[in-house]
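Take a look at the following structure, please.
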Amino acid sequence: MMRLRSWLLALGVGLSACGLQTTIAPPAVTAPPVQSPTATPMPEITLAPSPTPTQFAPGADGVATAYLKAWEDGDFVGMYSLLSRTSQSLLDQETYSERYQSAQKAATVLKVKTRPLSILQHEGESTAEVAFELEWRTALLGEIRREMTMPLVFEGGRWAVSWSDALILPELGGGNSLQLEYHIPARAGIYDRNGLGLAVEGTAVTLGVVPGSIEEEEQDTLLALLSQMTGMAAEEIHALYASADPNWYVPLTDVPQDAVAPLLDSLRPFIQAGGLQLRERKTRLYRDGGVAPHVVGYIGGMPAEQLDEWLARGYRGDERVGVAGLESWGESYLGGGRGGTLYLLSPAGDVLSTLLEVPAQANRSIYATLDKPFQMGVEQILANAIQTHPDGHAGAVVVMDIASGQILAMASYPDYDPNLFDPINPNAESGLRAILNSPGQALVNRATQGVYPPGSVFKIVSMSAALISGAYLPDTGYTCTGTWDGLGPYFAKKDWLEGGHGYISLRQALTFSCDPYFYEVGLTLDQVDTFLLPETARAYGFGAPTGVLGLLEDGGTIPDPEWKLTTQGEGWAPGDSVNMAIGQGFVAATPLQVTSMLAAVANGGTLYRPLLVHHLGEGDGVPEETIDPEVMGQLPVSAEQLAVIQESLHAVTTETGGTAVHRFRYLAIPVAGKTGTAEVAPTYRDDGSLNEEPTAWFAGYAPAAATPGWDQVPDEPEIAITVMIEHAGEGSAVAAPIFRQIVELYYGIQPLTPFPWLLNP
């Protein structure tokens, strides 16, 4: 007995050194004999000598430790190599690994942790037992803990694990298995600020026809009804089935269930005759053909390269999830929290018990800052402008509340229908092919991802830097002759106005958009401090992403000497400052950044983070949550300097010589703003001809002054608007008329002023 105890104590020391705890039962205590008054002597017994015990190599603890470490590492091959020959004879390595992987997958195991507790190894015996604690950290079910015992045997000169299914989890002994039933809440909706649906769970109806069952004389009536429901032209619908076999079922398109209900009585005769078939299914509906698709986004399947990430979040792996826009940003709110029930099954597949159950967490709806009717109107104005303009092909509009940074409308053209990302949609294949192969890159949100030279809109920044420098006052004069040669006669630059603007002040230079004046400003600032103009631009929010929640965005470019040396491998030259002063050269900005700048100018100098999420709905006991505006900084100009800039911008639309006076005559709402005509690299039109037209900008705010007689219109600025149209011409000719229509739409002025290119084609 003493020899066994010593050996175990020694083994315990060894285990402690390995980080293992050893639990040894204390030796039994024998009570002293009771003295009997009349004891009968016991016969003397001679014991046979004990056989010499077989010597076993120590190391059962080391094998157990190695086995548990391999399990933590997911090294099932290494684990299998430590099994006894008998265990390996009962199942091959592939089956062994599959049992572990299957059980851990069912339990959504992310990480395995083990902790040895004790070892029991009898001297002279070829078996040992190691007690350990197992912890499964799962994606869906929390932590699963068990205290388990690992049996080992000594064979072939080594210790090995005597394996059974119970070593995966005690409940799995005898060939039992695990099965997980997911509890997945319905996806929550995305709504506008007033609760109007943008993306909701609903019923779609697939409209399909069997051409041979449509009476010839009734076909026009059916096509008219289908056109009314879908918004498609009757000819377009007929072309979808005109060449089909008369007896084939031809799916046409999807419509929301509520689009069918008003016309159901008129459709019933065609349904009864078999010519029209309506097939309902539950799906994600993007109302009205997908309002604000670049903001709302869409859902789709999980990319293979991201599958592990989704599984780690408790997803089953076959769900459709947010891929872009608010659908992606708000996945954790919209999708809710997955729950599940983990069942123990018998080898025959019968449910033996419920091991764990975790309830699903309720989803939460997202309410965007957008105003849906206004958003739809802005989209229509932008689309009409680009589709009717001779050089129109792409552009963007952003409308922002200047007092909070909330985005009321954001449109990018060309756009797309997010319903086409539903693989069951009958138009999905052809529609997606058209979207993905479109030369206009319809999936790109030009408002946040498109970067363009801002042109003369940037002169707001340049004027600010000039005032900050102390080298200029608002009334500092300059004579513009139409030509500027401050960099030498070989680098002379022309003004956009033939003959120039004559003698003008700085405040007038912004109103008239005089290029030579700002060339001179750029050169002067370069001499004062080459970093002043770039630093002023960054203080206005350029050169870095705005941080708008929910959208991918580009930060644009604000060059300076360090940037140029790093990216271009060249030193800074005075000409870089000169070009920068008029928003050309390396300067690049997004329409969203420009809108943020104009909002800050309008509200007195506060730069807000653009905001797209108005509030989150309640869920799981969490109350409704409003997203508060976030101040990002203050413009780097004094109140007096900002007032001069505001006056100059108002004069753009009101003072003789202002670059957009003619575009805002007789508009009841006074506006302020800045035209921009940015030179860009030529592109090709659809007909193959070269398009050398500049990119057109107009950015401003409304109202710029009191509006007598309009009680519902505030006297102070309310909204900032930016319009950008690629390769379409001058800002005053193209972007300003679009700006005007958006102001009219916002304030309910009807009819909208026609675009000038439609009046004078």
- Message: Quick check: do N427 and L420 have side-chain heavy atoms less than 4.5 Å from each other?
- Response: yes
- Task: Before accepting this row, confirm whether a basic side-chain N of the pair E327/R187 lies closer than 4.0 Å to the acidic partner's carboxylate O.
- Result: yes
- Query: Between CG of L252 and CE of M229, what distance do you get to the nearest 0.5 Å?
  - Reply: 9.5 Å
- Does the side chain to side chain contact (heavy atoms under 4.5 Å, CB included) test come out yes or no for T114 and V112, once each step is laid out? CA-CA 7 Å; T114 62; V112 176; 4.3 Å; yes
- Item | Derivation of the side chain to side chain contact (heavy atoms under 4.5 Å, CB included) call for Q375 and V399 | CA-CA 9 Å; Q375 170 74 30; V399 183; over 6 Å; no
- Does E625 come within less than 4.0 Å of R364, counting only side-chain N to carboxylate O? yes
- Task: Indicate whether the side chain of E319 and that of Y182 have a donor and an acceptor atom separated by less than 3.5 Å.
- Result: no
- Message: Quick check: closest heavy atoms across L82 and V63, and the distance to 0.1 Å?
- Response: CD1-O, 4.0 Å
- Under 3.5 Å, side chain of T65 to main-chain N/O of D61, donor-acceptor pair present? yes
- Query: Taking it one step at a time, do L172 and L178 satisfy side chain to side chain contact (heavy atoms under 4.5 Å, CB included)?
  - Reply: CA-CA 8 Å; L172 300 185; L178 300 176; 3.8 Å; yes
- Look at the side chain of T108 and the backbone N and O of L140, then say whether any donor-acceptor pair between them is shorter than 3.5 Å. yes
- Do you know which of K113, K111, R145 makes salt bridge (charged side-chain N to carboxylate O under 4.0 Å, His left out) with E135? R145
- Side-chain donor/acceptor of Y416 to backbone N/O of P293, under 3.5 Å: yes
All N/O donor-acceptor pairs, side-chain side in residues 341-354, below 3.5 Å, sequence neighbours left out:
| from | atom 1 | to | atom 2 | distance (Å) |
| --- | --- | --- | --- | --- |
| T341 | OG1 | H183 | NE2 | 2.8 |
| T341 | OG1 | E357 | OE2 | 3.3 |
| S346 | OG | A348 | N | 3.3 |
| S346 | OG | G349 | N | 3.4 |
| S346 | OG | D350 | N | 3.1 |

- Is there a side-chain contact between T448 and L552, using heavy atoms and a 4.5 Å cut-off? no
- Task: Nearest 0.5 Å please: distance from the NE2 atom of H614 over to the CD1 atom of I627.
- Result: 10.0 Å
- For F421 against R320, the heavy-atom pair lying closest together: O-NH2, 3.0 Å
- Query: So do the side chains of R85 and S89 get within less than 4.5 Å of each other, counting heavy atoms only?
  - Reply: no
- Item | Pairwise distance CG(L226) to CE(M232) - rounded to 0.5 angstrom | 9.0 Å
- Note on the structure: One should read off an interatomic distance between L169 CG and Q104 CD, to the nearest 0.5 angstrom, of 10.0 Å
- Message: Tell me if a side-chain donor or acceptor on E129 pairs with a main-chain N or O of T149 at a distance below 3.5 Å.
- Response: no
- Task: Would you check if the side chain of E201 reaches a backbone N or O of K282 as a donor-acceptor pair within less than 3.5 Å?
- Result: no
- Residues N419 and G290: closest non-hydrogen pair is ND2-N, 4.3 Å
- Query: Looking at M79 and A70, what are the two nearest heavy atoms and their distance?
  - Reply: CG-CB, 3.6 Å
- Message: Please check: side-chain N/O of S102 versus main-chain N/O of R99, any donor-acceptor pairing under 3.5 Å?
- Response: no
- Just wondering, do L592 and M410 contact through their side chains at under 4.5 Å, heavy atoms? yes
- Below 6.0 angstrom between ring centroids: does that apply to Y100 and Y96? yes
- Task: Begin with the C-alpha distance, continue with both residues' side-chain angles, and end with the deciding distance and a verdict on side chain to side chain contact (heavy atoms under 4.5 Å, CB included) for F132 and W71.
- Result: CA-CA 13 Å; F132 66 96; W71 193 357; 4.2 Å; yes
- Query: How close do L91 and Y80 get, heavy atom to heavy atom, and via which atoms?
  - Reply: O-OH, 2.8 Å
- Message: Nearest 0.5 Å, please: how far is CG in L141 from CG in L355?
- Response: 9.5 Å
- Validation row: L196, D371 side chains within 4.5 angstrom (heavy atoms): no
- With a distance cut-off below 6.0 Å to the six-membered ring centre and an angular limit of 45° from the axis, does R279 pair with Y249 as a cation-pi contact? yes
- Does a side-chain heavy-atom distance below 4.5 Å link W329 with L612? no
- Query: Can you check whether L285 reaches T283 side chain to side chain, under 4.5 Å on heavy atoms?
  - Reply: yes
- Message: Strictly below 4.0 Å, N to O, side chains only: are E171 and R146 in salt-bridge contact?
- Response: yes
- Basic-acidic side-chain contact under 4.0 Å: D192, R287: no
- Query: Take atom CD in E133; do more than 12 heavy atoms of anything else shown fall under 6.0 Å from it?
  - Reply: yes
- Query: Salt-bridged, R433 to E429, with N to O below 4.0 Å?
  - Reply: yes
- Query: Short question: side chain of T369, backbone of I407 - any donor-acceptor pair under 3.5 Å?
  - Reply: yes
- Query: Does the side chain of E630 come within less than 4.5 Å of L611's, by heavy atoms?
  - Reply: no
- Query: Is the gap between the ring centers of H615 and Y367 under 6.0 Å?
  - Reply: yes
- Closest heavy-atom pair and its distance - G314, A139: N-CB, 3.7 Å
- Item | Euclidean distance, E125 CD relative to F154 CZ, rounded to 0.5 Å | 14.0 Å
